Amino acid sequence: MSVTWAAIAIVGIICLLNLLLTVAVIRRLREHTELINRTGQQFPEQDDITRQPGTQVDEFRVTTLDDRLLTRDDLRDGMLVAFFSPRCPSCEEQKPAFLDHAAGMPGGRDNVVAVVLGSPEEVAGLVGQLEQVAQIVIEANVDGAMSSAFSLRGYPAFCLMGQDAVLAVTGYRVDMLPEAVTR
């Protein structure tokens, strides 16, 4: 009988320790969530998600899903280049605004490029939504040709091109683009 009580006491102590550890983990997760949320609210208006406005994009050579060759020389004044990932919650949040914005771009689909980062299987759904308003380039990761040329450091990223492949406006939200361009 005393062995049974000893076993029950040991199981009780283990359960109590498990409960304490779980509470500690939950507390730590809340701290991390607060830090992440606070960091997300401190982005400046012109962040460094890509090269800074006024700098020229590096040389690159890619093929769109339409089998069109795209190089730095094809980046025209007023062209919009966007970077998305299917694993990015912010990309999902910005996608409706991007679709609306891209649909209203002068020159239509030929004046918009969407670079989607991930494997072809991962990006299939996202590509299906974006291909109506943009030429699509798929890159495996941020080491891809266009991502490297733009010095991509996060996504979503939206880049409005100026003359000679110089970045006019960059940002992580569609509403950072000038009103005159949006409509």
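Keep in mind that what you see is a predicted model, and the values were worked out from it rather than measured.
Among the candidates Asp66, Leu65, Thr64, the single residue satisfying the side-chain contact (heavy atoms from CB on, under 4.5 Å) test with Ile136 is Leu65. Remark: of the listed residues Asp74, Thr63, Asp110, Asp110 is the sole one forming a side chain to side chain donor-acceptor pair (under 3.5 Å) with Arg68.
When side chains are defined from C-beta on, Val116 does not count as touching Val137, because their heavy atoms never get closer than 4.5 Å. Looking at heavy atoms from C-beta onward, Val133 lies out of side-chain contact with His101 at the 4.5 angstrom threshold. Annotation: side chain of Val169 is not in contact with side chain of Phe158 (no heavy-atom distance under 4.5 Å). Between Leu126 and Lys95 the shortest side-chain heavy-atom distance falls below 4.5 Å.
Atom CZ of Arg76 has more than 12 neighbouring heavy atoms from other residues, nucleotides or ligands inside a 6.0 Å radius.
Without hydrogens or angle criteria, Arg109 side chain to Glu131 main chain gives a donor-acceptor distance under 3.5 Å. For Thr22 (side chain) and Asn18 (main-chain N/O), a donor-acceptor pair under 3.5 Å exists by modelled atom type.
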With a 3.5 Å cut-off and sequence neighbours excluded, list the donor-acceptor pairs that the side chains of residues 144-157 form with protein atoms.
from: Ser147; atom 1: OG; to: Glu139; atom 2: OE1; distance (Å): 2.6
from: Ser148; atom 1: OG; to: Asp143; atom 2: O; distance (Å): 3.3
from: Ser148; atom 1: OG; to: Gly144; atom 2: O; distance (Å): 3.0
from: Arg153; atom 1: NE; to: Asp48; atom 2: O; distance (Å): 2.8
from: Arg153; atom 1: NH1; to: Ser151; atom 2: O; distance (Å): 3.2
from: Arg153; atom 1: NH2; to: Asp48; atom 2: O; distance (Å): 3.1
from: Arg153; atom 1: NH2; to: Thr50; atom 2: O; distance (Å): 2.9

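Judged as a ring pair (Phe, Tyr, Trp, His ring centres under 6.0 Å), not a single pair has a partner in residues 109-142 (not counting sequence neighbours).
The structure places SG of Cys88 at 9.0 Å from CD of Gln94, a figure rounded to the nearest 0.5 Å.
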